[in-house]
Amino acid sequence: MDNYKEFKEYLEEIFSKEDLPVDEIKIRQFYKYYLLLVDWNQRMNLTGITEMKDVVVKHFLDSVILTKYFRFKNGDKIGDVGTGAGFPGIPLAIMLPKCEFFLADALEKRIRFLNEVIKELELTNCTTAHGRAETIGRDPKYREQFNAVTTRAVASLPILLEYSSPLLKMGGSFFAYKGPAFEEELAASGKAQRELNLVAKDQVTFEISECDLGFRSILSFQKTGILKSKYPRREGLPGKKPIL
Ligand code: SAM
């Protein structure tokens, strides 16, 4: 219980500095998630970040800070592609209980972990799928079904645009979590933006001094047209031959 007290005080302090409101239910969910992450990480490779304060800042805060800069509506469907151990999808699902989250990853063992997290945290707004973005984006169950798609630490921008556009409804938003040096990637993504009907909108860069997280950026794109049926290309091709 002492550990919970320390965790709660730290998370409240860090989140309140960024004007991110959390109640007791959410804090308990974050704590359970932290315990599961550290426990399962002993048996499978989920994260290199395990110290409590680092997890709060580098995984939890870094994931949810999207909600400080961008607004979501109740009922919005949000897909997190290449979610890994659940970032940013699970922390966002805790913060936005009235949005529906879909978490996908190419590695089955990570999906097994996420299903356990969803059960233990009693998250009723999350579903998962094991699969690559290229295949999920062709499945009518998922194609053009989402108001927003997120990705963190998955691939470079031209590749990410091909992963996310198939999932987005017309007018939907793609959010790419990046470091501060995104300009080069953004400049290289012009052709992919045009080809995939995803137009660059806002870019926010902010600094988080705790735990030396430093400067982080979130880039947003908006889907402005129907996607050509040839996208996404077959598994592996967006990475091997990005649209440049
Ligand atoms: N988003 C998480 C985070 O920020 O901690 C995980 C990042 S991890 C470096 C990249 C993840 O993307 C891995 O779990 C990998 O399996 C997944 N991934 C890479 N390419 C993918 C694809 N084409 N479709 C689905 N998942 C993919």
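Every number for a ligand or one of its atoms is a count from 1 in the order of the listing. Note that the structure is a prediction, hence the values are computed from the model and not measured.
Electrostatic pairing of E162 and R233 counts as a salt bridge here, judged by a charged N lying under 4.0 Å from a carboxylate O. Ion pairing between a basic and an acidic side chain is recognised when a charged N comes within 4.0 Å of a carboxylate O; E120 and K32 show no such pairing. Under the 4.0 Å criterion applied to side-chain N and carboxylate O atoms, R138 and E134 are not assigned as salt-bridge partners. K5 and E9 are joined by a salt bridge, as a carboxylate oxygen and a charged side-chain nitrogen come within less than 4.0 angstrom of each other.
Residue contacts with ligand 1, taken as heavy atom pairs separated by less than 4.0 Å, do not involve E235 at all. Counting heavy atoms closer than 4.0 Å to ligand 1, residue Y177 contributes nothing at all. By the criterion of a heavy-atom distance under 4.0 Å, the backbone of T83, and not its side chain, is placed next to ligand 1.
Remark: ligand 1 and V81 share no N or O pair separated by less than 3.5 Å (distance only, no angle test). Annotation: P88 places no N or O atom under 3.5 Å from an N or O atom of ligand 1; distance criterion only.
Scanning all protein heavy atoms for the shortest distance to atom 26 (N) of ligand 1 gives A106 N, 3.2 Å. The protein heavy atom nearest to atom 10 (C) of ligand 1 is A153 O, 3.4 Å. With hydrogens left out, the protein atom closest to atom 22 (C) of ligand 1 is A133 N, 3.8 Å, a heavy atom. Atom 4 (O) of ligand 1 has R152 NE, 2.6 Å as its closest protein atom, hydrogens excluded (heavy atom only). Atom 16 (O) of ligand 1 has its closest protein heavy atom at D105 OD1, 2.7 Å. Ranking protein heavy atoms by distance to atom 19 (C) of ligand 1, first place goes to V154 CG1, 4.0 Å.
Each of K169, K223, K77 was checked for a salt bridge (Lys or Arg N to Asp or Glu O under 4.0 Å) with E144, and the lone residue meeting it is K223.
Using a distance-only test at 3.5 Å, with no hydrogens or angles considered, no donor-acceptor pair links the side chain of R110 to the main chain of G86.
Not a single heavy atom of A155 sits under 4.0 Å from any atom of ligand 1. Ligand 1 lies nowhere less than 4.0 angstrom from a heavy atom belonging to A85.
The two residues L244 and K191 make their nearest non-hydrogen contact at O-CD, 3.2 Å.
The aromatic rings of F15 and F30 sit perpendicular to each other, their planes meeting at more than 60°, with 30° as the lower class boundary.
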